[in-house]
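Shown next, in C-alpha cells, is the structure this report addresses.
Just so we're on the same page: letters track the sequence lines, and every chain starts at 1.
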Amino acid sequence: MDKTLQALFALLQAGLWGRFDEAAALAFPLSAGEWERVFTLARQQTVTGIAFRGLDFLPEEAAPPMDIMVKWMAHADRIEQSNRVMNETVSKLFGHFASAGVEAVLQKGQGVAAMYPEPLLRECGDIDLYFPGHDGVSDPLAGIDGAVRERQPDDSWSYAVDGIIVEHHTDLLDIQSPRAKRYVKRLMEEKGFEKVVTGGGVEVLVPAPEVNLLLLSSHILKHAFGVGIGLRQFCDYAVARRYYEGRVNPQEMREIWKKTGLEKWQSLLEEFIGRFLDSDCALARNDNEDFQNDKCHSERSEESFYKKKTGVLLDIVLKGGNFGVYSKDRENVPRARWARKVQTFKALMGNIGFAFRYAPGEWFWTTMQLLGGQFR
Amino acid sequence: MRLNPKLKLRQVGKKFMVVDADTGSAKMTNVFTFNASAAMLWQRAGANTFEPEDLALWLCEAYDVDMATACADVDVLLKCWIEGGLVING
C-alpha cells in the first residue's frame, strides 16, 4: 500500500481509538510532500478532524512540518465551528418538532458523532430526519418557519436552516429490495428507537443499535455501488460497532444481515474495517465459504484472498472520496435531473461486477428504483 | 477582559498553538505558539473574564515566582495577546 495512505489509516486509527500500534508507526516519518498528500487525502475523504486527533499521538520527531500542521489545525477549528452551528440547528429543529408533538428520528449525522471520542472533530454534513408513524410521508409538519422547501425525486423534502440542509426522508433505511424492506419494517417495529445526547447536549432519537448498524452499513453499500463513498462513513460504522459492543447479539446481527441479503457485503465491510480502521477488533470471518468457493483459493493464501477482496472496495473509496465528489466522472455534475440520473445509472453500471458479487439483490432493486424515478 | 471565544488552544504533541482560522486561510501570521506557562494561563482563564492581576496571581501559584516578576511577565504576554486579537474587552 502507498505510504501516504498507510499513514492516513494510522492517523485515523489513532484518532478513533487513541493509540498508535507498532505496525502503523512504520508509515512514519514522512517527507513534507508526503504529508501534503496525506492532508489532501484526509480532506477528500472528509476525515481531516479525525486524523488531526491522531496527530496528537504521533511522536514529536514524526510530526508534520509546521506549515502543514497549521493548515490542519485551522481546518480542525473550522470543523468544530461547523459542528457547533450544526448542534444549535439540531437543537432548534428538535425543539420545533417536540413543541408540535411530532417524533423525529435523526439518521446518522450528529447521532453517530455522539459515539466518537471527540464528536466535534467529525465533519458534519446535512441533517437527515425520519418520522416514525408517518411511513411514506416525509412532511408531517409544515416545516420550520421561513424555510423554503423543495420536493426531491424520492418524495423527500429538503430545506435550509442556518445554511444547513435538512432532509425529511420517507424511509429510515437505504434498503430497496421489497422482501428486505418488509423484514426491516418488522425489525424497526420490534427494536424501536432510543435517545442519545449529541455533542451539543441535545437529546435526540436515533434507531435502536441493530437498526442503526444496518442503516450505516446499507448507506455505505448504496454509495459504494453508486457514485462513490468516503472513509468518514466507514469511520462512522467502525465507531458505532465499538459503541454497541456488548449491546448487540452477534448471532442476531448475522441473522439480520442474512435476512436483508447483505451477508456478503457485511463480511466485506467488516474485513475492510478490521484491516484499515480497527485492527484491534476481531475479524468476523464467518464467511469462509466465500474463500473456499473462490476458484483460485488453492493458489492463494487466505490472507491474500482477503487483501484482494478489500482492495476492490478501497479502490472505490479512493476513486471518488466523500460521496464521489472527487471522482473524475463527476467533474461536471449536470444540472438537469434526468442527466444526473443518467450519471448515477452509469455509476451503477460501472460497479456491476462489485455489486453482483456482494449485494446483487440490492443493486438490482436500486437500479429499478432509479429507472422508476425514485433514486435519491 | 476575556479570551477571544472564537479561538482554541490546541496541544499537538508538546506544542501549544492557537490558530486564527476565522480569516478563511491559515497563514503562519495567524498562528500563535505558546509555552507551557502561557498555555496554563489560557486554560485557566477559559471563558471567564479576568484582570492582569489574576493572571499574575495564577503564575505565582503555579511557579516559584514573586508577584512583581509575574506582573511584568503578564504585561508582556497580554500586550502580544491584545495585538494578536487573542483577548477582547468585556
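With sequence neighbours excluded, the residues satisfying side-chain contact (heavy atoms from CB on, under 4.5 Å) with B:K8 are A:D77, A:E80, B:R10.
When the heavy atoms of residues 50-63 of chain A are compared with those of chain B, the residues falling under 4.5 Å are A:F52, A:L55, A:D56, A:E60, listed by number.
In this structure, A:M66 and B:M17 approach most closely via the heavy-atom pair SD-SD, 3.7 Å.
Separation of atoms CE (A:M69) and NZ (B:K15) is listed at 6.0 Å; rounding is to 0.5 Å.
In this structure, B:N48 places its CG atom where more than 12 heavy-atom neighbours from other residues, nucleotides or ligands lie under 6.0 Å away.
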